[in-house]
Amino acid sequence: MGDNKIESVLKEDRQFDPPQAFLDKATLKAADVEALYKSAEADHESFWADQARDKIDWHKPFNQALDESDAPFFKWFADGELNVSYNCLDRHLDSKGDKTAIIFEGDDGEVEHISYRELYARVCRFANALKANGLGKGDRAVIYLPNIPQAAVAMLACARIGAIHSVVFGGFSAVSLRDRIDDAEAKMLITADGNYRGGKLIPLKETADKALSEGCQSIEKVIVYKRSGADVTMADGRDLWWHDAVDGQADECDPEWVDAEHPLFILYTSGSTGKPKGIQHSTGGYLLGAICTCRWVFDLNDSDVFWCTADVGWVTGHTYITYGPTACGATQVMFEGVPTYPEADRFWKMVDTHQVTIFYTAPTAIRALMKQGDEYPQRHALDSLRLLGTVGEPINPEAWMWYREMIGKERCPIVDTWWQTETGGHMITPIPATTPTKPGSVAKALPGIAADIIDESGERVSDANAGGILVINKPWPYMLRTIWGDPERYRETYFGMFDEHTYVAGDSAQRDEQGNFRILGRIDDVVNISGHRMGTMEVESALVAHKAVAEAAVVSRPHEVKGECIVAFVILKEDGGSDELAKELRDWVTEQLGAIAKPEEIRFADGLPKTRSGKIMRRLLRTVARDEEITSDVSTLENPQIIDQLQAKGS
Ligand code: 6R9
């Protein structure tokens with residue numbers, strides 16, 4: 001079924017011009033967009049330099065915009081100095097001190113409005129607390145918090161003192177948390193006692209304790225925010241409460257001015273090989289991307305109420321919660337809970353309550369809410385909305401049309417934004433005042449982004465609707481700088497296929513007759529579950545770490561709500577595949593990696609289909625997992641008889 005949907009994407013010919021209602025209120029007009037493209041095409045480097053001078057408050061101005069001398073390790077604005085938290089907070093205090101920065105809604109419905117002045121004071125106090133507890137410039141702090149304002153405060157406080165944060169999504173397991181802490185050699189962990197999501201307690205501190213008991217030698221201090229009130233153990237001399245740490249701290253803290261290339265954060269993401277990669281972002285270039293894309297793609301301005309439903313644990317939450325909206329001085333909604341609790345109209349109710357004007361979410365959420373029925377959005381007016389966005393995975397036309405009609409009431413453009421943890425911000429997306437939108441199309445690259453499609457030999461794919469490898473041909477300010485601690489892997493992964501100026505995104509794409517991009521999917525062994533990346537090898541490693549498992553192969557299958565789901569083929573050390581064992585293995589993977597990695601189905605067999613050279617035939621396994629007919633020649637397999645067994649339904 002999923003495949004049919006993808007098929008129907010390919011034949012899409014519905015197209016919608018920017019609605020008049022949107023154009024009437026848009027800040028960025030068609031002529032402005034045209035001027036941006038013209039200037040970017042005329043001179044890539046000066047274009048970005050102009051943007052950087054215009055949109056960032058520099059402590060020390062830069063002279064050189066782009067330094068390519070050590071490609072693919074590009075530098076932007078390298079001799080300039082700035083502070084990100086200064087740009088997100090201090091510079092708004094005179095004109096917008098009393099303006100609401102964050103409207104926070106908790107899982108239980110409590111609402112808190114935090115002004116820019118209050119946010120500033122909280123960040124300063126926490127920054128002072130971090131310093132008092134030994135965190136300094138260049139040190140790493142891992143943040144393992146719920147999606148609450150304190151997460152943004154902790155991130156901005158790190159930025160204020162030049163410390164590098166690495167946020168770990170609260171849904172990740174103890175093992176994943178430990179691996180990330182160890183890789184980053186973090187000195188400090190910032191977490192919470194726990195929190196409620198969808199009415200269910202998430203025991204963050206308990207999970208953190210498990211992680212800390214199995215490694216994490218580098219951690220000196222653990223700061224714990226009291227959120228759930230759950231009973232937790234506090235280790236003497238190591239753990240302290242957030243409220244105690246900030247008690248008595250001054251609500252001013254001088255920003256640490258850092259070079260534009262100083263790392264702002266590391267964020268781990270899955271790749272095609274086992275270990276997650278620590279994607280390292282810069283200070284100046286990253287901030288510029290966050291601001292430009294908020295202005296261009298969301299048309300974000302002073303009268304907006306912006307709401308990005310992502311969690312700060314993902315890159316979307318970094319750029320479009322913590323940094324972009326605050327750097328623009330906007331008002332935004334932040335939400336701790338889930339879309340279906342207490343009822344499936346939670347999002348729509350919140351849109352009305354907080355008069356949200358721009359709403360940004362993931363296709364998986366749209367599909368899940370669409371399934372719940374139209375009566376939920378119909379309970380609410382939704383008339384404050386002027387722009388809708390999606391991110392994270394391809395959106396099927398049915399969901400796109402539902403979003404447009406049922407939520408946007410045909411009055412709001414939809415920006416389907418393609419980008420990645422590595423790209424730092426939007427790359428290929430409609431610009432709402434100018435781009436006619438099509439279901440499933442991410443439209444065109446932004447000004448200053450040189451996206452193209454090439455084939456395996458490096459030739460440009462110019463035919464309409466022919467697929468190829470998505471690449472970015474010129475460095476852009478908000479690109480990743482390296483993989484933390486592994487520059488060779490950075491070079492190899494992103495610039496290894498062609499040359500050191502051709503960034504390979506890991507996705508395949510095609511263009512229609514008008515040059516609009518359509519993302520087809522990953523070209524590596526990465527699965528996209530509910531908009532989150534998971535490496536199949538990571539799941540395989542987790543499975544074989546179980547005492548009963550000899551070998552495992554993991555593939556994806558389309559899923560109606562999640563986009564893709566995981567099917568695992570498992571070879572046991574001894575006979576005895578059973579429903580109980582399948583359940584145990586699913587729980588095991590959840591415990592090792594987190595719930596997003598949980599296999600949808602497990603099939604036991606005596607062996608995996610292998611070529612005579614011993615390679616697992618993943619393509620064949622994908623066909624089997626989808627219950628499709630096998631059309632390829634399997635006679636050259638080492639063990640063709642295994643196919644029948646694999647095709648037997650699993651549990
Ligand atoms: C921001 C984010 C990146 C991968 C990316 C691609 C997929 C993201 C998409 C999309 C189709 C879109 N992806 N946006 N596919 N249309 N609008 O999601 O970052 O978690 O690193 O994932 O997600 O496959 O390569 P990240």
Side-chain angles (χ1 to χ4, degrees), residues 5-6 9-10 12 167 169 171-172 265-272 276-281 286 289-290 293 297 308-321 323-324 360-367 388-397 399-400 403 414-430 435 437-446 451 467 469-472 478-480 483 493-494 503-510 516-535 556 558 562-564 594 596:
K5 283 184 184 164
I6 289 165
V9 167
L10 302 178
E12 187 59 60
V167 183
F169 172 58
F172 274 127
F265 66 84
I266 307 166
L267 183 59
Y268 286 84
T269 189
S270 293
S272 32
K277 306 174 280 199
I279 303 301
Q280 180 182 319
H281 276 286
Y286 171 80
T293 55
V297 181
C308 164
T309 70
D311 187 288
V312 285
W314 309 109
V315 74
T316 307
H318 281 57
T319 308
Y320 300 108
I321 296 178
Y323 293 116
Y360 190 40
T361 196
T364 185
I366 299 170
R367 285 191 296 265
L388 302 174
T390 70
V391 56
E393 49 178 325
I395 182 164
N396 50 304
W400 196 96
Y403 198 32
I414 298 176
V415 289
D416 180 350
T417 59
W418 177 84
W419 61 293
Q420 309 175 291
T421 304
E422 293 87 340
T423 71
H426 300 154
M427 299 290 281
I428 310 180
T429 165
T435 318
T437 54
K438 279 164 99 166
S441 163
V442 293
K444 302 254 165 66
L446 285 172
I469 299 162
L470 179 60
V471 293
I472 315 293
Y478 46 107
M479 67 193 292
L480 79 164
I483 292 175
T493 308
Y494 303 108
Y503 170 85
V504 178
D507 282 320
S508 61
Q510 60 176 198
N516 292 303
F517 285 82
R518 187 182 303 291
I519 307 299
L520 300 173
R522 299 287 306 189
I523 51 175
D524 52 14
D525 293 320
V526 172
V527 183
N528 192 324
I529 304 148
S530 303
H532 302 311
R533 276 160 70 169
M534 184 49 65
S556 74
K562 299 177 189 173
E564 285 183 275
I596 41 171

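In each ligand, atom 1 is the first atom listed, and ligand 1 is the first ligand listed. In this text the structure is predicted, and so the values were computed from the model without any measurement.
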J.: Considering non-hydrogen atoms only, spot the tightest contact between Gly392 and Asn528 and give its length.
T.: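 In this case the closest contact between Gly392 and Asn528 is O-ND2, 2.7 Å.
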J.: Who's touching ligand 1 if we go heavy atoms under 4.0 Å?
T.: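 Residues Val315, Thr316, Val391, Gly392, Glu393, Pro394, Asp416, Thr417, Trp418, Trp419, Gln420, Thr421, Val442, Asp507, Ile519, Arg522, Asn528, Arg533 each place a heavy atom under 4.0 Å from ligand 1, listed by chain and number.
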J.: For the side chain of Tyr478 and the backbone of His426, is there at least one donor-acceptor N/O pair under 3.5 Å apart?
T.: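 Yes.
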J.: Pick from Asp416, Thr417, Thr429: which one makes a side chain to side chain contact (heavy atoms under 4.5 Å, CB included) with Thr390?
T.: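 So, applying the side chain to side chain contact (heavy atoms under 4.5 Å, CB included) to Thr390 and each of Asp416, Thr417, Thr429, only Asp416 qualifies.
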J.: Quick one, Tyr268 with Phe172, criterion ring-ring contact (aromatic ring centres under 6.0 Å, His included). Give me CA distance, side-chain angles, the key distance, then yes/no.
T.: CA-CA 11 Å; Tyr268 286 84; Phe172 274 127; 9.8 Å; no
J.: Might you point out which heavy atoms bring Pro394 and Ile519 nearest each other, and give the distance in Å?
T.: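 Taking every non-hydrogen atom into account, CG-O, 4.3 Å.
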J.: Trp419 and Met427: which non-hydrogen atoms are nearest, and at how many Å?
T.: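 Minimum heavy-atom separation between Trp419 and Met427: CB-N, 3.9 Å.
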